[in-house]
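Below: the structure, in structure tokens.
Order of the sequence lines fixes the chain letters, A, B, ..., with proteins taken first and strands second; residue numbering starts at 1 for each chain. Model, not experiment: these values are computed from the prediction.
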Amino acid sequence: MIFTKIVTRWYSNNKRILPWRQTKDPYYIWLSEIILQQTQVKQGLPYYEAFVSKYPSVFDLANAKENDVLKLWQGLGYYSRARNLHTTAKHIVSDLNGVFPNNYKDLLKLKGVGDYTASAIASICFNENTAVVDGNVYRVLSRYFEIDTPINSSKGAKEFKDLAQKLIDKKKPAEFNQAIMEFGAVQCRPKNPDCNICPLNSGCMAFNKNRIHELPFKIKSAKAKKRHFNFLVFISKDQKTILEKREGKGIWQNLYQFPLIETTREQSNGSFKNYIKSHHLLKNRSFELVLYNKDVIIHKLSHQHLYTKFWIINIDTLNVNGILVDEIRDFPVPIIISNFIDAFNF
DNA sequence: AATTCGGGGCG
DNA sequence: CGCCCAGAATT
């Protein structure tokens, strides 16, 4: 297939030098693939370096505490990736003698490893003939073959997987998989790709019909919902504050935060003090309440916009244990909390 | 099949 | 402001 030949050739001439391209050790490939899920190379790279440095082997990662893994992951988002990463490391050490599965089918059983990641590891580390389909592959194939099927539909997932599997270079699956992804990231970019210098342009159906900007086609997702977060930043005279671990379902699972009061609407200074004085951490106590951020901070996640206020509570003593403010940076926290901690300069 | 998980960057 | 990113798990 001419497509396969051109993409592979382009890759050998244009690929970036990246640390996970210097190895076929499944631990490092797995680590890089998890970090790079829904994450651009530029954003994930420093996290990869940090993990390799702190956890050079799967045994080191398995022996770590979850809090420390989450702390190193802090700021990267999609924290279930970090929790599953740790769970899988422990599984491989405890149940598999520290040896990674060596094929697609068994890799797929690992927590946090889906079709894409299993295909990537199987092809890169073990030369298995399994095509990867990530955001880059969707874009390249939908344009070159002018496919209008929504990429975020089950029909699209199957269609593109089958097509990629037909196109893969069976003699060099590792090369082809990385080539088509790199091609999508560097040449066949989402916006304003330079099609004039593209080695595939003569055969690209979307380019020849001037439909590059229309593909890939995606079903629109629902608009983000608004939530109102009020964080209670306790400060006692003995320099303590309170952090709570987020349990259960929802965002930021197992990360820490200041005691949170979620309200249906934005709170103003006067009424909020009256509203919280029966809170179990404040009941029958005297305290001073100061709103830290005059303008509400809007923290945007994929599906939620968090309208956030930090309320400073000066109080003599805490009626729970709390933590020393000097220790606050040891805890994994969401980036909005981390930004506050830095700005407030605890 | 649809929704839920983060955060950064870009036009 | 909307869209995208070397997707997976849950509902």
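- Phosphate contact (OP1/OP2 of B:dG7, side-chain N/O of A:W252, threshold under 4.0 Å): present.
- The residues A:K158 and A:D162 are annotated as salt-bridged, a charged nitrogen and a carboxylate oxygen being separated by less than 4.0 angstrom.
- Between A:H228 and A:Y307, the angle of the ring planes lies from 30° to 60°, which puts this pair in the tilted group.
- One P atom belongs to B:dC5, the other to C:dC1, and the distance between them is 22 Å to the nearest Å.
- Within the nucleic acid shown, A:G250 comes within 4.0 Å of sugar-phosphate atoms alone, with no base atom in reach, counting heavy atoms only.
- Dense packing is recorded around CZ of A:R16, with more than 12 heavy atoms of other residues, nucleotides or ligands lying under 6.0 Å away.
- A:I34 comes within contact range of no nucleotide atom at all, as no heavy-atom separation falls under 4.0 Å.
- Both tests do not hold together for A:K170 against A:F176: distance to the six-membered ring centre under 6.0 Å, angle to the ring axis within 45°.
- Ring geometry for A:F310 versus A:F340: interplanar angle under 30°, hence parallel rather than tilted (30 to 60°).
- Between A:K300 atom NZ and C:dC5 atom C1' the separation is 18 Å, expressed in whole Å.
- Rounding to whole angstrom units, CD1 of residue A:I35 and P of B:dG8 are separated by 16 Å.
- The P atoms of B:dG6 and C:dT11 are separated by 15 Å, rounded to the nearest whole Å.
- Taking the P atoms as reference points, B:dG11 lies 15 Å from C:dA6, given to the whole Å.
- When each of A:Y79 and A:N152 is assigned the nucleotide of DNA chain B with its nearest heavy atom, A:N152 is the one assigned upstream, toward the 5' end.
- Using a 4.0 Å cut-off, no side-chain N or O of A:K220 falls inside it from OP1 or OP2 of C:dG2.
- Taking atom CG of A:L45 as the reference point, atom P of B:dG8 lies 16 Å away to the nearest angstrom.
- Whole-Å rounding puts the A:N339 CG to B:dG7 P distance at 9 Å.
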(request) For nucleotides 6-11 of chain C, just jot down a letter per nucleotide in 5' to 3' order: B, S or -, based on protein non-hydrogen atoms under 4.0 Å. (result) BBSS-S
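- To the nearest angstrom, P of B:dA2 lies 15 Å from NZ of A:K218.
- Ring pair A:F51/A:W73 is perpendicular by interplanar angle, where above 60° counts as perpendicular and below 30° as parallel.
- The aromatic rings of A:Y28 and A:Y48 sit perpendicular, their planes meeting at an angle over 60°, well past the 30° parallel limit.
- The CD-P distance, from A:Q253 to B:dC5, rounds to 9 Å in whole Å.
- With rounding to whole Å, A:H305 atom NE2 is found 15 Å from B:dC5 atom C1'.
- Checking A:H303 against A:Q43, the closest nucleotide of DNA chain B that is more toward the 5' end is the one next to A:H303.
- Rounded to whole Å, atom C1' of C:dG2 lies 7 Å from atom NZ of A:K191.
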